[in-house]
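In the text below, chain A, chain B and the rest are named by the order of the sequence lines, each starting its count at 1. If you're wondering where the values come from, they're calculated on a predicted model, not measured in any experiment.
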Amino acid sequence: METGSIPVEDLPGGFDLQSTVESGQSYLWRREDGRMYETTHAYGGSAWYYAVTDCEVVRARQRDGLLEWESTTDAESLLVSLLRLDDDLDAILDATPEDSLVETAYDEYRGMRIVRDPFFPCLVSFICSAQMRVRRIYDMQTALARRFGESVEFDGKTYHEFPTPTQLAAADESDLRALKLGYRAPYVRKSAELLASGEVTAEDVRGLPYEDARDAMQAFVGVGDKVADCVLLFALGYLEAVPLDTWIQSAIEEHYPHCDRGSYRDTSRAIREQFGGEYAGYAQTYVFHYLRS
DNA sequence: ATCCAGGATGTAT
DNA sequence: ATACATCATGGA
């Protein structure tokens, strides 16, 4: 086992591990004690979390200004990538317009960062998110990993990686329904098949201008405007993407009624401008977490 | 019991 | 392009 620590206290804008991985933007991380979403700020906020990706387990906790980690291999660059520790949060705040709701949310969860999740797990988690509570989305992803993913041994325990597109494409609908995916089961299977066959790839989307990328994402099944925005924001690094979910819709009604333009596309453009454009997704994620907590 | 949860799809207009 | 019913599941 390799270990290390990353000084995060002096990163521009700081860092907050708990809000980053427990704000409903990523379904990659689990708390080591299995109490995700049951209690808040356990151990003074220094609980261990783990993620499994590329057959590697990485475990991390934040304590005394450090992000301490344990892994099968050197995990520092992986953590910088997954948790976007290279984002200049101060610059992002500076680029965000004066706005009492956004500022309140930024103050409440200072240091929370957008994640950079692996594409396929992110895609599936947000396909599953349709009409579903955050806690149950977690449970579905956990069930998929246990049932279809590779087992990885680490530190005397068995962890389960999220399945590959090929692994999920090989499942049939009844297997997925047995895991309580409900009507999302065929969406997940068909989208896995599109990736497994190479008919659609993440590279077909990555690099496109934002609105083109949002359209391209809808080649997947079970992906409309909102889920497309989530994957663009939380996996592909389109920080301007603002997923218009029910929470943000009600925030628009309440705080930004002039941004409601009827259609998703036009409302999206308006709220994106309201939130400062380039980093509008950051403001969205803070507001989402603030309103939902 | 009825309503709702990080919506998308198929169909009719 | 927009309006509508329909789609599982569990918790309040």
Side-chain angles (χ1 to χ4, degrees), chain A residues 19-29 36-38 101 105 109 112 114-115 117 121-144 147 171-194 200 211 214-236 238-239 241-256 260-269 271-272 275 280-293:
Chain A
S19 58
T20 298
V21 301
E22 283 200 68
S23 51
Q25 51 164 324
S26 171
Y27 298 89
L28 185 68
W29 293 86
M36 199 79 165
Y37 275 87
E38 291 182 17
L101 176 61
Y109 299 107
M112 183 177 80
I114 298 287
V115 295
D117 273 0
C122 181
L123 173 64
V124 172
S125 65
F126 283 101
I127 290 173
C128 289
S129 75
Q131 297 294 104
M132 199 50 57
R133 286 185 175 80
V134 167
R135 177 50 199 264
R136 286 203 55 214
I137 302 169
Y138 267 101
D139 293 342
M140 288 187 217
Q141 309 316 302
T142 302
L144 287 169
R147 173 69 178 78
D172 63 41
E173 192 177 318
S174 62
D175 290 332
L176 298 176
R177 284 182 184 269
L179 299 184
K180 309 302 183 184
L181 267 66
Y183 61 83
R184 306 153 195 81
Y187 301 164
V188 168
R189 204 196 59 73
K190 288 173 185 169
S191 287
E193 210 164 51
L194 287 171
V200 186
E211 289 190 344
R214 194 176 64 199
D215 290 339
M217 278 301 301
Q218 296 177 43
F220 293 103
V221 183
V223 178
D225 286 316
K226 186 269 172 186
V227 169
D229 269 332
C230 288
V231 179
L232 293 181
L233 180 58
F234 303 132
L236 296 183
Y238 286 80
L239 298 184
V242 177
L244 299 183
D245 58 62
T246 53
W247 291 92
I248 298 302
Q249 301 269 20
S250 63
I252 289 172
E253 276 185 46
E254 179 93 7
H255 300 274
Y256 318 104
D260 185 357
R261 306 292 169 85
S263 71
Y264 190 100
R265 187 193 66 157
D266 293 338
T267 302
S268 168
R269 287 179 177 175
I271 194 67
R272 204 156 66 246
F275 285 168
Y282 252 100
Q284 187 273 0
T285 300
Y286 271 87
V287 168
F288 171 81
H289 187 38
Y290 174 72
L291 293 178
R292 211 179 63 79
S293 297

Identify all side-chain donor-acceptor contacts of residues 218-226 of chain A below 3.5 Å with residues at least two apart in sequence or on another chain.
unit_1, atom_1, unit_2, atom_2, d
Gln218(A), NE2, Arg214(A), O, 3.3
Gln218(A), NE2, Asp225(A), OD1, 2.8

* Step through the shown structure and confirm whether more than 12 heavy atoms of other residues, nucleotides or ligands are within 6.0 Å of OH on Tyr109(A). =>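 Result for OH/Tyr109(A): enclosed.
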
* To do: First locate atom OG1 of Thr285(A), then atom CD1 of Ile248(A), and finally report the distance between them rounded to the nearest 0.5 Å.
  =>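 Rounded to the nearest 0.5 Å, the OG1-CD1 separation comes out at 8.0 Å.
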
State, with a plain yes or no, whether a side-chain heavy atom of [X] is found less than 4.5 Å away from one of [Y].
{"X": "Leu181(A)", "Y": "Cys128(A)", "result": "yes"}
{"X": "Arg269(A)", "Y": "Arg261(A)", "result": "no"}
{"X": "Val124(A)", "Y": "Gln141(A)", "result": "yes"}
{"X": "Val227(A)", "Y": "Met217(A)", "result": "no"}
{"X": "Arg177(A)", "Y": "Pro186(A)", "result": "yes"}
{"X": "Tyr264(A)", "Y": "Asp229(A)", "result": "yes"}
{"X": "Leu28(A)", "Y": "Val115(A)", "result": "no"}

* Asked: Does a side-chain N-to-carboxylate-O contact under 4.0 Å join Arg265(A) and Glu211(A)?
  -> no

* Is the ring centre of Phe275(A) less than 6.0 Å from the ring centre of Tyr282(A)? ->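 Ring-ring flag for Phe275(A)/Tyr282(A): false, centres at least 6.0 Å apart.
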
* Any stems for DNA chain B, made of 3 or more Watson-Crick or G-U pairs in a row, each with both distances under 3.5 Å? ->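 As far as DNA chain B goes, consecutive pairing (with distances under 3.5 Å) yields the stems B:2-5 with C:9-12, B:7-13 with C:1-7.
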
* Rounded to whole angstrom, note down the C1' distance from dA3(C) over to dA5(B). => 22 Å

* Expressed in whole Å, how much space separates the P atoms belonging to dA8(C) and dG10(B)? -> 13 Å

* Asked: In residues 284-293 of chain A, which residues come under 4.0 Å of DNA chain B by heavy atom?
  -> Gln284(A), Phe288(A)

* Test log, rule side chain to side chain contact (heavy atoms under 4.5 Å, CB included), inputs Val21(A) and Ser26(A) -> CA-CA 6 Å; Val21(A) 301; Ser26(A) 171; 5.7 Å; no

Could you tell me how far apart [X] ([atom1]) and [N] ([atom2]) are, to the nearest whole angstrom?
{"X": "Asp215(A)", "N": "dA1(C)", "atom1": "CG", "atom2": "P", "value": "11 Å"}
{"X": "Tyr27(A)", "N": "dA5(B)", "atom1": "OH", "atom2": "C1'", "value": "11 Å"}
{"X": "Asp229(A)", "N": "dG7(B)", "atom1": "CG", "atom2": "C1'", "value": "13 Å"}
{"X": "Asp139(A)", "N": "dA5(B)", "atom1": "CG", "atom2": "P", "value": "18 Å"}

Expected rows: protein N/O vs nucleotides 4-6 of chain C N/O, under 3.5 Å:
none

* Classify the nucleic acid contact of Gly24(A) as base, sugar-phosphate or nothing, counting any heavy atom under 4.0 Å across all strands shown. => base

Could you pull out the protein-nucleic contacts involving nucleotides 11-13 of chain B (nitrogen or oxygen on both sides, under 3.5 Å)?
none

* **Contact letters for nucleotides 7-12 of chain C, in which S counts primed atoms plus P, OP1 and OP2 and B counts the base, heavy atoms under 4.0 Å** => BBBB--

